[in-house]
Amino acid sequence: MIINLLAFLVPLCCAWALVFIVILVSIFKRADLAINTKLLWTFLILVFPIIGLVLYFVQYKDKIVKKLIWFSILTLSLAVIAGATVDYYVFIKPTLPRDLSNEKGIEVSAKDIVKEFQTNESTSNAKYLNKVVEVTGEVIEAKKDQTGKPTVTLKSDDSFSNVFVTLRGDKQLEVKGGSTITVKGILVGFLSDVVINEGVVVKQ
Amino acid sequence: MSYAQKVYSTRTAQVKFSSSTAAEDIDATNNQVQSKFIGKTGQVMFSLLMKGFVFENAMMQEHFNGKEYMESDKFPKSEFKGTVNGMNTVDLEKDGAYPVMVSGDMTIKGITKPVKAAGLILVEKHRVSAESSFKIKLQDYGITGKDIGTVISNNIEIKVAAKYD
(Lines give C-alpha, C1' and ligand atoms only; values in the text may rest on other atoms or scores of the structure.)
Protein backbone atom coordinates (compact mmCIF):
# COMPACT_ATOMS: atom_id res chain seq x y z
CA MET A 1 0.00 0.00 0.00
CA ILE A 2 2.74 2.48 0.99
CA ILE A 3 5.00 1.32 -1.84
CA ASN A 4 1.96 1.59 -4.06
CA LEU A 5 1.63 5.25 -3.13
CA LEU A 6 5.35 5.89 -3.62
CA ALA A 7 5.13 4.79 -7.25
CA PHE A 8 2.71 7.63 -7.71
CA LEU A 9 4.35 10.29 -5.52
CA VAL A 10 7.98 9.96 -6.60
CA PRO A 11 7.50 11.04 -10.25
CA LEU A 12 5.05 13.71 -9.15
CA CYS A 13 7.53 15.20 -6.65
CA CYS A 14 10.33 15.09 -9.23
CA ALA A 15 8.07 16.88 -11.71
CA TRP A 16 7.17 19.54 -9.13
CA ALA A 17 10.84 20.10 -8.35
CA LEU A 18 11.66 20.43 -12.04
CA VAL A 19 8.82 22.90 -12.58
CA PHE A 20 9.97 25.01 -9.59
CA ILE A 21 13.58 25.13 -10.72
CA VAL A 22 12.68 26.07 -14.28
CA ILE A 23 10.31 28.82 -13.12
CA LEU A 24 12.70 30.27 -10.54
CA VAL A 25 15.53 30.32 -13.07
CA SER A 26 13.27 32.09 -15.54
CA ILE A 27 12.33 34.67 -12.91
CA PHE A 28 15.98 35.46 -12.23
CA LYS A 29 16.70 35.69 -15.94
CA ARG A 30 14.09 38.42 -16.42
CA ALA A 31 15.56 41.84 -17.28
CA ASP A 32 12.37 43.75 -16.45
CA LEU A 33 12.31 43.03 -12.70
CA ALA A 34 14.36 44.49 -9.87
CA ILE A 35 16.26 42.04 -7.68
CA ASN A 36 13.91 42.72 -4.73
CA THR A 37 10.86 41.86 -6.84
CA LYS A 38 12.56 38.64 -7.96
CA LEU A 39 13.33 37.68 -4.36
CA LEU A 40 9.76 38.46 -3.35
CA TRP A 41 8.36 36.18 -6.07
CA THR A 42 10.83 33.42 -5.12
CA PHE A 43 9.80 33.67 -1.49
CA LEU A 44 6.09 33.64 -2.39
CA ILE A 45 6.44 30.60 -4.70
CA LEU A 46 8.51 28.64 -2.19
CA VAL A 47 6.18 29.29 0.75
CA PHE A 48 2.84 29.07 -1.09
CA PRO A 49 3.72 26.98 -4.15
CA ILE A 50 0.34 26.78 -5.84
CA ILE A 51 -0.98 30.25 -4.97
CA GLY A 52 2.44 31.76 -5.68
CA LEU A 53 2.63 30.20 -9.14
CA VAL A 54 -0.93 31.14 -10.06
CA LEU A 55 -0.36 34.76 -8.93
CA TYR A 56 2.88 34.90 -10.89
CA PHE A 57 1.24 33.50 -14.01
CA VAL A 58 -1.67 35.95 -13.70
CA GLN A 59 0.61 38.93 -13.07
CA TYR A 60 2.90 38.39 -16.09
CA LYS A 61 1.02 37.12 -19.07
CA ASP A 62 3.92 37.51 -21.47
CA LYS A 63 5.27 34.99 -23.96
CA ILE A 64 7.78 33.40 -21.59
CA VAL A 65 5.19 32.90 -18.86
CA LYS A 66 2.78 31.28 -21.35
CA LYS A 67 5.50 28.85 -22.32
CA LEU A 68 6.15 28.16 -18.63
CA ILE A 69 2.46 27.43 -18.02
CA TRP A 70 2.44 24.88 -20.82
CA PHE A 71 5.70 23.41 -19.60
CA SER A 72 4.30 23.00 -16.05
CA ILE A 73 1.04 21.43 -17.19
CA LEU A 74 2.83 19.03 -19.54
CA THR A 75 5.47 17.98 -16.99
CA LEU A 76 2.97 17.42 -14.20
CA SER A 77 0.56 15.48 -16.45
CA LEU A 78 3.38 13.28 -17.72
CA ALA A 79 4.41 12.58 -14.12
CA VAL A 80 0.84 11.63 -13.20
CA ILE A 81 0.55 9.35 -16.26
CA ALA A 82 3.94 7.75 -15.57
CA GLY A 83 3.09 7.23 -11.88
CA ALA A 84 -0.30 5.75 -12.65
CA THR A 85 1.13 3.43 -15.33
CA VAL A 86 3.89 2.09 -13.07
CA ASP A 87 1.38 1.78 -10.26
CA TYR A 88 -1.03 -0.22 -12.44
CA TYR A 89 1.46 -2.59 -14.06
CA VAL A 90 3.71 -3.19 -11.05
CA PHE A 91 1.30 -3.08 -8.12
CA ILE A 92 -2.30 -3.45 -9.27
CA LYS A 93 -2.34 -5.72 -12.33
CA PRO A 94 -0.61 -8.70 -10.62
CA THR A 95 -3.31 -8.70 -7.93
CA LEU A 96 -6.22 -8.89 -10.40
CA PRO A 97 -7.84 -12.21 -11.29
CA ARG A 98 -6.19 -14.07 -14.14
CA ASP A 99 -7.68 -13.12 -17.52
CA LEU A 100 -8.17 -16.40 -19.37
CA SER A 101 -9.48 -14.79 -22.55
CA ASN A 102 -5.92 -13.69 -23.42
CA GLU A 103 -4.49 -17.16 -22.89
CA LYS A 104 -4.57 -19.88 -25.50
CA GLY A 105 -5.67 -23.06 -23.79
CA ILE A 106 -4.16 -26.51 -24.31
CA GLU A 107 -6.79 -28.38 -26.33
CA VAL A 108 -7.51 -31.90 -25.10
CA SER A 109 -10.42 -34.31 -24.81
CA ALA A 110 -11.85 -35.29 -21.42
CA LYS A 111 -11.03 -38.94 -22.15
CA ASP A 112 -7.39 -38.24 -23.01
CA ILE A 113 -6.64 -35.92 -20.10
CA VAL A 114 -8.07 -38.37 -17.53
CA LYS A 115 -6.03 -41.18 -19.10
CA GLU A 116 -2.89 -39.03 -18.98
CA PHE A 117 -3.36 -38.25 -15.28
CA GLN A 118 -4.13 -41.89 -14.48
CA THR A 119 -1.05 -43.10 -16.35
CA ASN A 120 1.43 -40.64 -14.88
CA GLU A 121 0.21 -38.03 -12.45
CA SER A 122 3.48 -36.19 -11.88
CA THR A 123 4.35 -35.70 -15.57
CA SER A 124 0.74 -34.64 -16.18
CA ASN A 125 0.97 -32.19 -13.28
CA ALA A 126 4.13 -30.73 -14.82
CA LYS A 127 2.35 -30.45 -18.17
CA TYR A 128 -1.03 -29.10 -17.06
CA LEU A 129 -0.99 -27.74 -13.48
CA ASN A 130 -2.09 -24.10 -13.33
CA LYS A 131 -2.25 -24.00 -17.15
CA VAL A 132 -5.30 -22.98 -19.16
CA VAL A 133 -6.92 -25.98 -20.84
CA GLU A 134 -9.78 -26.35 -23.31
CA VAL A 135 -11.39 -29.69 -22.55
CA THR A 136 -13.99 -31.25 -24.84
CA GLY A 137 -16.23 -34.02 -23.58
CA GLU A 138 -19.66 -35.45 -23.08
CA VAL A 139 -21.70 -33.95 -20.22
CA ILE A 140 -22.61 -36.39 -17.45
CA GLU A 141 -24.22 -33.85 -15.15
CA ALA A 142 -24.57 -30.11 -14.61
CA LYS A 143 -25.21 -28.96 -11.05
CA LYS A 144 -24.51 -26.21 -8.57
CA ASP A 145 -21.98 -26.46 -5.76
CA GLN A 146 -22.88 -25.62 -2.15
CA THR A 147 -22.06 -21.94 -2.67
CA GLY A 148 -24.29 -21.71 -5.75
CA LYS A 149 -21.57 -21.86 -8.41
CA PRO A 150 -22.40 -23.93 -11.51
CA THR A 151 -20.45 -27.14 -12.06
CA VAL A 152 -20.26 -29.62 -14.91
CA THR A 153 -18.81 -33.12 -15.16
CA LEU A 154 -17.35 -34.38 -18.45
CA LYS A 155 -17.16 -38.09 -19.18
CA SER A 156 -14.03 -40.18 -19.54
CA ASP A 157 -13.67 -43.90 -20.30
CA ASP A 158 -13.45 -44.66 -16.55
CA SER A 159 -16.73 -44.04 -14.73
CA PHE A 160 -14.90 -43.44 -11.41
CA SER A 161 -12.71 -40.67 -12.78
CA ASN A 162 -13.98 -37.80 -14.92
CA VAL A 163 -13.30 -34.13 -15.53
CA PHE A 164 -14.94 -31.93 -12.91
CA VAL A 165 -15.30 -28.23 -13.72
CA THR A 166 -16.47 -25.33 -11.56
CA LEU A 167 -17.71 -22.56 -13.85
CA ARG A 168 -17.53 -18.80 -13.46
CA GLY A 169 -20.75 -16.91 -12.88
CA ASP A 170 -23.85 -18.10 -11.06
CA LYS A 171 -26.15 -19.51 -13.75
CA GLN A 172 -26.55 -23.25 -13.88
CA LEU A 173 -25.46 -24.62 -17.24
CA GLU A 174 -28.39 -25.57 -19.48
CA VAL A 175 -27.25 -28.71 -21.26
CA LYS A 176 -28.79 -32.01 -22.15
CA GLY A 177 -26.96 -34.97 -20.63
CA GLY A 178 -24.97 -36.65 -23.38
CA SER A 179 -24.31 -33.50 -25.38
CA THR A 180 -20.70 -32.57 -26.08
CA ILE A 181 -19.25 -29.26 -24.91
CA THR A 182 -15.87 -27.53 -24.68
CA VAL A 183 -14.88 -25.79 -21.46
CA LYS A 184 -11.91 -23.48 -20.96
CA GLY A 185 -10.46 -23.07 -17.48
CA ILE A 186 -7.48 -23.35 -15.14
CA LEU A 187 -6.32 -26.88 -14.35
CA VAL A 188 -6.19 -27.26 -10.57
CA GLY A 189 -5.02 -30.88 -10.34
CA PHE A 190 -6.11 -34.48 -9.98
CA LEU A 191 -8.09 -35.95 -7.09
CA SER A 192 -10.35 -38.78 -8.23
CA ASP A 193 -11.34 -36.43 -11.05
CA VAL A 194 -9.28 -34.01 -13.08
CA VAL A 195 -10.34 -30.71 -11.46
CA ILE A 196 -10.74 -27.44 -13.36
CA ASN A 197 -11.66 -24.04 -11.91
CA GLU A 198 -12.74 -20.67 -13.38
CA GLY A 199 -14.35 -22.55 -16.26
CA VAL A 200 -16.09 -20.87 -19.19
CA VAL A 201 -18.08 -22.81 -21.79
CA VAL A 202 -16.56 -21.94 -25.17
CA LYS A 203 -18.51 -24.38 -27.37
CA GLN A 204 -21.87 -25.96 -26.71
CA MET B 1 -30.20 -49.89 3.35
CA SER B 2 -30.29 -47.77 6.44
CA TYR B 3 -28.85 -44.27 6.32
CA ALA B 4 -26.20 -45.20 8.84
CA GLN B 5 -24.47 -47.52 6.38
CA LYS B 6 -24.52 -45.13 3.50
CA VAL B 7 -21.36 -43.50 2.18
CA TYR B 8 -22.00 -39.78 2.04
CA SER B 9 -19.86 -37.98 -0.49
CA THR B 10 -19.35 -34.65 -2.19
CA ARG B 11 -16.86 -33.13 -4.61
CA THR B 12 -17.76 -29.57 -3.65
CA ALA B 13 -17.08 -29.30 0.04
CA GLN B 14 -15.58 -26.01 1.16
CA VAL B 15 -12.36 -25.35 3.03
CA LYS B 16 -11.49 -21.80 4.00
CA PHE B 17 -8.48 -20.57 5.84
CA SER B 18 -7.66 -17.23 7.29
CA SER B 19 -4.68 -15.52 8.79
CA SER B 20 -5.14 -12.36 10.76
CA THR B 21 -2.36 -10.01 11.84
CA ALA B 22 -2.17 -6.29 12.51
CA ALA B 23 -0.52 -5.91 9.10
CA GLU B 24 -2.91 -7.90 6.95
CA ASP B 25 -5.94 -10.20 6.85
CA ILE B 26 -5.56 -13.04 4.38
CA ASP B 27 -8.41 -15.36 3.34
CA ALA B 28 -8.65 -18.08 0.75
CA THR B 29 -11.43 -20.47 -0.22
CA ASN B 30 -11.43 -23.84 -1.93
CA ASN B 31 -14.86 -24.98 -3.16
CA GLN B 32 -13.62 -28.14 -4.90
CA VAL B 33 -12.87 -30.29 -1.88
CA GLN B 34 -13.67 -33.97 -2.03
CA SER B 35 -15.14 -35.55 1.09
CA LYS B 36 -16.48 -38.94 2.04
CA PHE B 37 -18.21 -39.88 5.28
CA ILE B 38 -19.40 -43.32 6.35
CA GLY B 39 -22.30 -43.01 8.75
CA LYS B 40 -21.93 -46.37 10.44
CA THR B 41 -18.27 -46.20 11.36
CA GLY B 42 -17.84 -42.43 11.49
CA GLN B 43 -14.89 -42.61 9.11
CA VAL B 44 -14.38 -39.32 7.34
CA MET B 45 -11.93 -38.04 4.75
CA PHE B 46 -11.26 -34.77 2.97
CA SER B 47 -8.87 -34.27 0.11
CA LEU B 48 -8.13 -31.08 -1.73
CA LEU B 49 -5.83 -29.53 -4.28
CA MET B 50 -3.68 -26.62 -3.11
CA LYS B 51 -4.17 -24.81 -6.43
CA GLY B 52 -7.90 -24.90 -5.77
CA PHE B 53 -7.54 -22.18 -3.11
CA VAL B 54 -8.72 -18.90 -4.54
CA PHE B 55 -7.54 -15.61 -3.05
CA GLU B 56 -9.04 -12.23 -3.75
CA ASN B 57 -5.54 -11.01 -4.56
CA ALA B 58 -4.00 -13.03 -7.41
CA MET B 59 -0.47 -12.10 -6.33
CA MET B 60 -1.07 -13.57 -2.87
CA GLN B 61 -2.34 -16.74 -4.53
CA GLU B 62 0.88 -16.98 -6.53
CA HIS B 63 3.02 -16.50 -3.42
CA PHE B 64 0.94 -19.07 -1.54
CA ASN B 65 1.58 -21.71 -4.22
CA GLY B 66 5.19 -20.65 -4.73
CA LYS B 67 8.51 -22.03 -3.48
CA GLU B 68 8.61 -19.97 -0.29
CA TYR B 69 5.31 -21.23 1.11
CA MET B 70 3.27 -24.24 -0.10
CA GLU B 71 5.36 -25.43 -3.07
CA SER B 72 2.16 -26.61 -4.68
CA ASP B 73 3.89 -28.00 -7.76
CA LYS B 74 5.76 -30.41 -5.51
CA PHE B 75 2.93 -30.98 -3.00
CA PRO B 76 -0.29 -30.53 -4.98
CA LYS B 77 -2.65 -32.15 -2.44
CA SER B 78 -3.64 -32.00 1.20
CA GLU B 79 -5.64 -34.60 3.00
CA PHE B 80 -7.42 -35.37 6.24
CA LYS B 81 -8.39 -38.89 7.23
CA GLY B 82 -10.06 -39.52 10.54
CA THR B 83 -13.00 -40.58 12.61
CA VAL B 84 -16.03 -38.83 13.99
CA ASN B 85 -16.10 -39.89 17.64
CA GLY B 86 -19.39 -40.58 19.32
CA MET B 87 -21.48 -41.53 16.29
CA ASN B 88 -23.77 -43.34 18.74
CA THR B 89 -25.16 -39.93 19.73
CA VAL B 90 -25.89 -39.01 16.12
CA ASP B 91 -29.09 -40.07 14.38
CA LEU B 92 -28.60 -39.50 10.66
CA GLU B 93 -32.27 -40.24 10.02
CA LYS B 94 -33.51 -37.54 12.36
CA ASP B 95 -33.26 -33.79 11.73
CA GLY B 96 -30.96 -32.07 14.15
CA ALA B 97 -27.57 -30.53 14.90
CA TYR B 98 -25.22 -32.98 16.57
CA PRO B 99 -22.00 -31.73 18.17
CA VAL B 100 -19.15 -34.22 17.72
CA MET B 101 -15.39 -34.52 18.07
CA VAL B 102 -13.29 -35.42 15.06
CA SER B 103 -9.78 -36.80 15.27
CA GLY B 104 -7.40 -37.98 12.61
CA ASP B 105 -4.33 -37.27 10.56
CA MET B 106 -3.85 -34.25 8.38
CA THR B 107 -1.23 -34.14 5.65
CA ILE B 108 -0.07 -30.77 4.38
CA LYS B 109 3.08 -30.27 2.31
CA GLY B 110 3.99 -33.92 2.75
CA ILE B 111 3.95 -33.78 6.56
CA THR B 112 1.33 -35.74 8.51
CA LYS B 113 0.22 -34.61 11.97
CA PRO B 114 -2.60 -35.65 14.28
CA VAL B 115 -5.47 -33.19 14.47
CA LYS B 116 -8.42 -33.01 16.84
CA ALA B 117 -11.34 -30.68 16.36
CA ALA B 118 -14.88 -30.02 17.46
CA GLY B 119 -17.46 -30.30 14.73
CA LEU B 120 -21.14 -30.31 14.01
CA ILE B 121 -23.15 -32.81 12.00
CA LEU B 122 -26.36 -31.36 10.64
CA VAL B 123 -29.27 -33.43 9.38
CA GLU B 124 -32.07 -31.71 7.52
CA LYS B 125 -34.64 -33.65 5.50
CA HIS B 126 -32.23 -36.57 5.00
CA ARG B 127 -29.51 -34.20 3.78
CA VAL B 128 -26.38 -34.57 5.87
CA SER B 129 -23.79 -31.84 6.24
CA ALA B 130 -20.77 -31.33 8.46
CA GLU B 131 -18.95 -28.30 9.79
CA SER B 132 -15.81 -27.74 11.77
CA SER B 133 -13.25 -25.09 12.49
CA PHE B 134 -9.87 -25.44 14.11
CA LYS B 135 -6.41 -23.91 14.17
CA ILE B 136 -3.09 -25.24 12.97
CA LYS B 137 0.48 -24.01 13.42
CA LEU B 138 2.34 -23.46 10.15
CA GLN B 139 5.67 -24.57 11.61
CA ASP B 140 4.17 -28.00 12.39
CA TYR B 141 3.96 -28.57 8.64
CA GLY B 142 7.36 -27.14 7.80
CA ILE B 143 5.97 -23.94 6.34
CA THR B 144 8.49 -21.21 7.04
CA GLY B 145 8.22 -18.28 4.65
CA LYS B 146 9.89 -15.01 5.64
CA ASP B 147 6.61 -13.15 6.29
CA ILE B 148 5.33 -15.72 8.79
CA GLY B 149 5.13 -14.21 12.25
CA THR B 150 4.80 -10.66 10.89
CA VAL B 151 2.44 -10.24 7.92
CA ILE B 152 1.21 -13.83 8.09
CA SER B 153 0.06 -15.29 11.37
CA ASN B 154 1.72 -18.48 12.59
CA ASN B 155 -1.71 -19.76 13.65
CA ILE B 156 -4.05 -20.34 10.76
CA GLU B 157 -7.76 -20.84 11.27
CA ILE B 158 -9.33 -23.48 9.04
CA LYS B 159 -13.06 -23.74 8.43
CA VAL B 160 -14.57 -26.81 6.81
CA ALA B 161 -18.13 -27.12 5.52
CA ALA B 162 -19.43 -30.11 3.58
CA LYS B 163 -22.94 -30.60 2.27
CA TYR B 164 -23.09 -34.24 1.24
CA ASP B 165 -24.94 -35.26 -1.93
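Sequence lines set the chain letters: A, B, ... in the order given, protein chains first and strands last, and positions in each chain run from 1. Every value quoted in this text rests on a predicted model; they were computed, and no experiment measured them.
- More than 12 heavy atoms of other residues, nucleotides or ligands shown are found within 6.0 angstrom of CZ on A/F28.
- Taking CD of B/Q34 as the start and CG of A/L191 as the end, the distance is 5.0 Å to the nearest 0.5 Å.
- Atom NZ of B/K16 has 12 or fewer neighbouring heavy atoms from other residues, nucleotides or ligands inside a 6.0 Å radius.
- Contact count against chain B (heavy-atom pairs under 4.5 Å) is highest for A/E121 among A/E198, A/K93, A/R98, A/E121.
- Within 6.0 Å of NZ on B/K159 lie no more than 12 heavy atoms contributed by other residues, nucleotides or ligands.
- For A/T147, the part lying under 4.5 angstrom from a heavy atom of chain B is the side chain only.
- To the nearest 0.5 Å, the span separating NZ on B/K36 from OG on A/S192 amounts to 5.5 Å.
- Counting heavy-atom neighbours within 6.0 Å of B/K77 NZ, excluding the residue itself, gives a total above 12.
- Shown here is B/L120, whose CG atom has more than 12 heavy atoms of other residues, nucleotides or ligands within 6.0 Å.
- Using a 4.5 Å cut-off between heavy atoms, B/T29 does not touch chain A at all.
- The environment of CG in A/D170 is sparse: at most 12 heavy-atom neighbours from other residues, nucleotides or ligands sit within 6.0 Å.
- Heavy-atom pairs under 4.5 Å with chain A were tallied for B/N57, B/V54, B/N65; the largest tally goes to B/N57.
- The backbone N or O of A/I196 lies less than 3.5 Å from a partner atom in the side chain of B/Q32, making a donor-acceptor pair.
- Screening A/L129, A/V188, A/L187 against B/L49 for a side chain to side chain contact (heavy atoms under 4.5 Å, CB included) leaves a single residue, A/V188.
- Residue contact with chain A, scored on non-hydrogen atoms closer than 4.5 Å, is absent for B/E79.
- Taking CG of A/N197 as the start and CG of B/N31 as the end, the distance is 8.0 Å to the nearest 0.5 Å.
- The closest side-chain donor-acceptor pair between A/T153 and B/R11 falls under 3.5 angstrom.
- For B/N30, no part lies under 4.5 angstrom from a heavy atom of chain A.
- When all heavy atoms of A/P94 and B/A58 are compared, the pair lying nearest together is O-CB, 3.5 Å.
- To the nearest 0.5 Å, atom CE of residue B/M59 and atom CZ of residue A/F91 are 8.0 Å apart.
- For the residue pair A/Q146/B/T12, the side-chain donor-acceptor check at 3.5 Å is not satisfied.
- The pair B/K163-A/D145 does not meet the salt-bridge criterion, since no charged nitrogen lies less than 4.0 angstrom from a carboxylate oxygen.
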